[in-house]
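In what follows, a single structure is set out as structure tokens and then discussed.
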Amino acid sequence: MSTTLSGELHNLDYSDDYQLTRTADSYKYELTPSGGGTVSFKVESFQPHFPGIPSKWTTIEDKSKVSSGATLNGSFTVPVTKISATDSSNSTLIRVTFAREFASNGVDYKLLFFPA
């Protein structure tokens with residue numbers, strides 16, 4: 001199943017983030033900006049707190065940026081979520097954050113990602 005996230009960052013709007021639950025797996029992505037600006041994005045996974053397991057966001061795709069007129073391709077892996085010292089869940093909360101470079105032109109973006 002593929003997922004598409006799209007939006008626009010114009011005027012004083014400099015970032016968007018989305019939180020989604022996805023199955024632990026490897027995903028390929030294509031990020032396409034338009035409108036003249038530059039957009040960056042990163043992907044993080046969330047590990048909720050359970051006894052003996054601290055809650056935290058972990059980067060699973062480092063911040064990358066791309067300018068309008070180009071397409072950024074890559075991949076990331078969504079990890080399992082630990083639910084105890086010995087058990088885990090294949091369902092993981094991820095956060096995808098888009099940011100427009102400071103003082104750059106406005107930018108529209110479209111991210112498509114799907115299991116590899």
Side-chain angles (χ1 to χ4, degrees):
M1 175 178 95
S2 68
T3 300
T4 301
L5 302 175
S6 60
E8 53 186 54
L9 300 170
H10 294 277
N11 302 318
L12 297 176
D13 190 7
Y14 278 89
S15 68
D16 287 335
D17 66 46
Y18 300 84
Q19 292 187 10
L20 315 156
T21 301
R22 289 295 173 264
T23 302
D25 202 349
S26 294
Y27 292 84
K28 290 185 178 184
Y29 68 82
E30 299 172 356
L31 174 60
T32 308
S34 60
T38 299
V39 68
S40 65
F41 93 113
K42 74 176 182 177
V43 184
E44 300 166 289
S45 66
F46 185 68
Q47 171 59 58
H49 172 76
F50 288 99
I53 302 171
S55 64
K56 66 179 179 177
W57 285 100
T58 302
T59 300
I60 57 176
E61 177 63 16
D62 289 328
K63 182 178 174 182
S64 300
K65 63 182 175 179
V66 62
S67 297
S68 292
T71 298
L72 181 65
N73 296 293
S75 62
F76 58 86
T77 300
V78 174
V80 297
T81 299
K82 292 191 179 276
I83 56 174
S84 75
T86 57
D87 292 323
S88 60
S89 169
N90 277 337
S91 182
T92 300
L93 178 65
I94 65 170
R95 177 170 58 195
V96 181
T97 303
F98 298 91
R100 176 169 59 116
E101 295 298 299
F102 183 72
S104 77
N105 292 335
V107 65
D108 300 337
Y109 60 84
K110 179 178 176 182
L111 174 71
L112 170 66
F113 66 96
F114 46 90

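Hydrogens, waters and symmetry mates are skipped; everything else that's a heavy atom, side chains included, is used.
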Heavy atoms, side chains only, cut-off 4.5 Å: are R100 and V39 in contact?
-> no

By the rule that ILVMFWY residues connect when side-chain heavy atoms come within less than 4.5 angstrom, directly or transitively, which residues belong alongside V80?
-> none

Heavy-atom distance under 4.5 Å between the side chains of L9 and D16, does that happen here?
-> yes

So, does S68 use its side chain to make a donor-acceptor pair with the main chain of G36 at under 3.5 Å?
-> yes

Over all heavy atoms of both residues, which pair between P115 and D25 is shortest? Give the atoms and the distance, please.
-> CB-OD2, 3.8 Å

Going by the ring pair (Phe, Tyr, Trp, His ring centres under 6.0 Å) test, which pairs reach into residues 58-78, not counting sequence neighbours?
-> Y27-F76, F76-F113

Exactly one candidate in F41, Y109, F114 meets ring-ring contact (aromatic ring centres under 6.0 Å, His included) with Y29; the answer is F41

Taking the side chain as C-beta and beyond, is there a heavy-atom pair between L5 and L20 under 4.5 Å?
-> yes

4.5 Å side-chain heavy-atom contact, I60 and V78 = yes

S40 versus K63, closest heavy-atom pair with distance = OG-CE, 3.2 Å

For residues P33 and A70, report the shortest heavy-atom separation together with the two atoms involved.
-> CD-O, 3.3 Å

Over all heavy atoms of both residues, which pair between T38 and S67 is shortest? Give the atoms and the distance, please.
-> OG1-OG, 3.0 Å

Can you name the nearest heavy-atom pair linking D62 to K42, along with the distance?
-> C-CB, 4.1 Å

Evaluate whether atom CG of N11 has more than 12 neighbouring non-hydrogen atoms of other residues, nucleotides or ligands under 6.0 angstrom away.
-> no

Please check if V107 and Y14 belong to a single hydrophobic cluster, counting links between Ile, Leu, Val, Met, Phe, Trp and Tyr side chain heavy atoms closer than 4.5 Å.
-> no

Would a 4.5 Å heavy-atom cut-off, applied to side chains only, mark Q47 and T81 as touching?
-> yes

Does the side chain of H10 reach to within under 4.5 Å of the side chain of D108, using non-hydrogen atoms?
-> yes

Between the CG atom in L111 and the OG1 atom in T4, the distance rounded to the nearest 0.5 Å is 8.0 Å

Taking the side chain as every heavy atom from C-beta outward, state whether F98 and L31 have any atom pair closer than 4.5 Å.
-> yes

Between T58 and S45, is any side-chain donor less than 3.5 angstrom from a side-chain acceptor?
-> no

Do V66 and V43 share a hydrophobic cluster (ILVMFWY, side-chain heavy atoms under 4.5 Å, transitive)?
-> yes

Between N73 and E30 the two heavy atoms that sit nearest each other are OD1-CG, 3.1 Å

Criterion side-chain contact (heavy atoms from CB on, under 4.5 Å) against Q19, the qualifying member of T97, V96, L93 = L93

Is any side-chain heavy atom of F50 closer than 4.5 Å to a side-chain heavy atom of S84?
-> no

